[in-house]
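These notes are about the structure you will find just below.
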Amino acid sequence: MGNFGSKKNSQTRSKINNIQYKYINGRKYYDEEIANDLTPIDIEEIDRAQSEHYTFKHMFGGNISAPVEEYLSSGCKVLDVGCGSGIWILELATENPKSHFFGVDLSPIFPDQIKPANTTFIQTNILHGLPFEDNEFDYVHIGHMCLALTEEQWQNIVIPELIRVTKPSCYIEFSETDIICSSAGPIYTKIIDSLKQYITSSGLNPKGAKLISNWIKKHSPNQLININEVIKKQPLGLWGGELGKLNSENFLEFFKMMAPRLCKYLNITQDEYLKLLNNCKDYEWDQYKPRMNYIRVWAMKVGNGNEIHN
């Protein structure tokens, strides 16, 4: 299919079938040779990711920011890369029955049988190439992958693949959460610094969420135009009302999951680490009133005179 024929797809399926996992504190992770993803593959992480999804949806007033609503309602072909549980696809597919939605992810935690008829989920690894034709999709979305991909992978593999499968004059959209908060107190800053150290040691860029638009401008200047970036600064902590509480719960779950990895950078025990997190939640966040960034970037693939529907 396209640049990735049956031989390539066969090799990819073989690699996926041979995926190795490891367990840390009873939670399941990919082996580093398979993926850089720092987050586990279990029901707790699915719940956390879905909470993040709903927060994004609330912040931006919907599941998409690119101007594609008209095409979704009239019928088009959509791809979601790193679809996870498939919640983004399931909601949009239900709202737009004339369109067909494809979701791909390395982990098959998406629905297999009970799902809308206009959805298709495929287990694959984008780093081995997407199993689709060139110029196949009217709209391509990728979300929450900055803690799974290195800067080199973004620039040399992922962004070029997203561009390849997108039709001319159609949109690609990125959704990311920035882990670096503004106005953080001394304890939370210390925890964030340890996370940045760990992320960097894993070959990832802790500033990746804020760099996507720059990567696009720098490496795809003749392929993507009309680049838009929207950053929503949102409260972290009970001081921010229900939204601040939701963000707090989401971040606490993330940092609890990271405890075994960050304790060595902080040179403390896990019990001491959890006390620091609770201090942030109960006192420091209300005192310093930190804010976190939700980011969306969308851009149009350069056209060749065709409309969004060929």
Using the six-membered ring wherever Trp is involved, compare the ring planes of F137 and F132 and label them parallel, tilted or perpendicular (cut-offs 30° and 60°).
-> perpendicular
Ring pair (Phe, Tyr, Trp, His ring centres under 6.0 Å) with Y288: which residues, sequence neighbours excluded?
-> none
In terms of the angle between their ring planes, are H141 and W88 parallel, tilted or perpendicular, with boundaries placed at 30° and 60°?
-> parallel
Going by heavy atoms in the side chains, are I172 and Y139 under 4.5 Å from each other?
-> no
Please answer whether the main-chain N or O of T150 pairs with a side-chain N or O of Q153 as donor and acceptor at a distance below 3.5 Å.
-> yes
Compare all side-chain heavy atoms of L195 with those of P206 and state whether any distance is below 4.5 angstrom.
-> no
Using a 4.5 Å cut-off on heavy atoms from C-beta on, say whether the side chain of D138 contacts that of V78.
-> no
Is the backbone N or O of S213 less than 3.5 Å from a side-chain atom of E229, with the two atoms forming a donor-acceptor pair by type?
-> no
Residues in ring pair (Phe, Tyr, Trp, His ring centres under 6.0 Å) contact with F60, at least two apart in sequence or another chain = F56
Close side-chain approach of I87 to Y54, heavy-atom, < 4.5 Å = yes
Pairs under 3.5 angstrom only: tabulate donor-acceptor contacts from the side chains of residues 236-255 to other protein residues two or more places apart or in another chain.
unit_1, atom_1, unit_2, atom_2, d
W239, NE1, L236, O, 2.8
W239, NE1, W285, O, 3.4
N247, OD1, Y294, OH, 2.5
N247, ND2, P235, O, 2.8
N247, ND2, L243, O, 3.4
N250, OD1, R48, NH1, 3.0
N250, ND2, R48, O, 3.1

For the residue pair E91 and N63, confirm or rule out a side-chain donor-acceptor distance under 3.5 Å.
-> yes
State plainly whether one hydrophobic cluster holds both V297 and I231, where clusters connect Ile, Leu, Val, Met, Phe, Trp and Tyr through side-chain heavy atoms under 4.5 angstrom apart.
-> yes
For residues W215 and F174, determine if any side-chain heavy atom of one lies less than 4.5 Å from a side-chain heavy atom of the other.
-> no
